[in-house]
*Asks:* 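Mind looking over this structure? Questions follow.
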Amino acid sequence: MEIPHAVKPRPDTGLYNAKLGIWLFLASEVMLFGGLFSAYILLRVSSDLWPHGMVSIPVGTFNTFVLIASSVTVVMSWASLKLGKLADFKKYMALTILCALGFLSVKSFEYYAKFTHYDVWFKDQATAQKYFTAAYGEKGEEAARKLFVERFHLQNTKATYDANQVQIAGHIEGNPLFATLKKLTSAKKDTIQFTPDAPSGTHEHPKAIEVKLSDVHRLSAYVPAHSTYFAIYFTITALHGLHVLGGAIVLTYFLLTSDKWWKKNPEQLANRVEVGGLFWHFVDLVWIFLFPIIYLL
Amino acid sequence: MSLKAFHVLFITASVALSFWFGWYELDRYATTKAAADMWLGIGSCVTGGTLIAYGIYFLKKLKNISYL
């Protein structure tokens, strides 16, 4: 039995089945991402302090460029089918999949860098001051304050410094993933070697300092549990990454089965690729909004 | 809406982002004087211009394909 309107449009909607289906699906996706964007905005405006510069702008820019390029190649692959050029379709589709893999690889490196970067909160300000001096020298408190002010963009507000600021950021020796104070204490560790971040305006990291775990109130990698910022950052970007992965799998399937479909029904192959391309464009459009919100503003 | 129409919408959004990001980075450069900011700003504006040219080429190439 042949399914009606798999290729030819329905007279009432003017669309073939799959196109109507993908638009209904994309409508639900708009609600999903719309909800998350709303959550982001509400969390941010209701927060006293919201960090900036926690993610690399050049890396995000590169990934944005990769996704825009992938949209061009996916539409070119569809146009190639419309023009009857299967070989061109394969070339453009392979490029699209490469772009998707490139995006995911860069995102993985970004995530890894976050999972091995730590904030350490000390028990009180006097203790923190001791470590600031050990890390940045005599003007340690000033250097720590500058980093803090820059992270939270406090230079534009009346509150220039939070008197209770007791945190320092950097890397633990050996770059462990997801370490916590509890895990380190359970491993019978009394101290850690900690390399603080470079002072503001420089790229030179200070020497590693020895941090007594008994002086530490909290220690967290840049993971969702770190703060509201990272919770929403990972939720949205990981969900988006899963969409990229899903899209790449579907497009790979189209590429691998294209010869068979081309012989059987070339118009249906073009329609399938169009539907895949619509999903791909939606995923890329989400990133076009995500990039400025997460990386720039 | 066909992929053609959605692509035009996407390229329009990308052009807007490119020029806005270009302005953002060049504005930042005025404060930081960092070469990376300047190159990102210039590169982004050039990308915006390239995308406009591409959009025109795309519309000409697919002029026989429906927007629906």
Side-chain angles (χ1 to χ4, degrees), chain A residues 9 13-16 19-20 22-23 26-27 53 56-62 64-65 67-83 150 155 200-201 203 270-293 295-297, chain B:
Chain A
T13 61
L15 303 171
Y16 57 87
K19 198 187 272 188
L20 185 63
I22 193 72
W23 277 111
L26 291 183
S56 164
I57 292 178
V59 173
T61 307
F62 175 77
T64 306
F65 183 78
L67 281 192
I68 291 174
S70 76
S71 282
V72 171
T73 54
V74 82
V75 88
M76 284 298 161
S77 71
W78 171 66
S80 302
L81 287 178
K82 286 281 187 188
L83 298 171
E150 284 196 353
Q155 59 267 56
S200 178
H203 294 289
N271 285 352
R272 288 177 146 218
V273 171
E274 183 180 18
V275 165
L278 284 169
F279 175 75
W280 193 254
H281 271 64
F282 172 78
V283 172
D284 293 351
L285 196 60
V286 167
W287 183 261
I288 292 289
F289 287 99
L290 209 51
F291 171 65
I293 288 174
Y295 288 80
L296 307 178
L297 296 176
Chain B
M1 190 194 282
S2 72
L3 181 55
K4 178 186 172 181
F6 201 13
H7 189 62
V8 171
L9 177 79
F10 177 78
I11 292 297
T12 308
S14 301
V15 168
L17 175 68
S18 295
F19 282 118
W20 178 77
F21 179 56
W23 167 82
Y24 172 93
E25 280 296 328
L26 291 174
D27 186 53
R28 228 165 91 113
Y29 170 70
T31 320
T32 62
K33 298 289 177 205
D37 286 332
M38 183 184 72
W39 287 116
L40 276 175
I42 292 171
S44 189
C45 290
V46 169
T47 305
T50 311
L51 283 171
I52 290 174
Y54 161 75
I56 294 166
Y57 159 79
F58 173 77
L59 285 174
K60 280 183 184 167
K61 185 175 165 131
L62 270 72
K63 63 182 172 193
N64 294 325
I65 294 176
S66 157
Y67 282 98
L68 191 66

*Asks:* Pick from A:D284, A:V273, A:V72: which one has the most heavy-atom pairs with chain B under 4.5 Å?
*Replies:* A:V72
*Asks:* Contact part of A:F289 toward chain B, heavy-atom cut-off under 4.5 Å: side chain, backbone, both or neither?
*Replies:* neither
*Asks:* For residues B:F10 and A:L285, report the shortest heavy-atom separation together with the two atoms involved.
*Replies:* CE1-N, 3.7 Å
*Asks:* Could you please state which residues from residues 18-35 of chain B sit under 4.5 angstrom from chain A, measuring non-hydrogen atom to non-hydrogen atom, sorted by number, or 'none'?
*Replies:* B:W20, B:F21, B:Y24, B:E25, B:R28
*Asks:* With only heavy atoms counted, which part of A:T61 is less than 4.5 Å from chain B, the side chain, the backbone, both or neither?
*Replies:* side chain
*Asks:* Does any heavy atom of chain A fall under 4.5 Å from the side chain of B:S44, the backbone, both, or neither of them?
*Replies:* neither
*Asks:* Looking only at heavy atoms, what is the nearest atom pair of B:M1 and A:K19, with distance?
*Replies:* O-CD, 3.9 Å
*Asks:* Using a 6.0 Å cut-off, check whether atom CZ of A:F65 has over 12 heavy atoms from anything other than its own residue.
*Replies:* no
*Asks:* Could you check which of B:L17, B:T47, B:L51, B:L40 has the highest count of heavy-atom pairs closer than 4.5 Å to chain A?
*Replies:* B:L17
*Asks:* Got a sec, which residues hit ring-ring contact (aromatic ring centres under 6.0 Å, His included) with A:W23, two or more places apart in sequence or on another chain?
*Replies:* B:F6
*Asks:* Heavy atoms under 4.5 Å from chain B: which residues of residues 74-83 of chain A carry them?
*Replies:* A:V75, A:M76, A:W78, A:A79, A:K82, A:L83
*Asks:* Using a 4.5 Å heavy-atom cutoff, which residues in residues 52-65 of chain B come close to chain A?
*Replies:* B:Y54, B:Y57, B:F58, B:K61, B:L62, B:I65
*Asks:* Below 4.5 Å from any heavy atom of chain B, which atoms of A:V275 appear? Answer side chain, backbone, both or neither.
*Replies:* neither
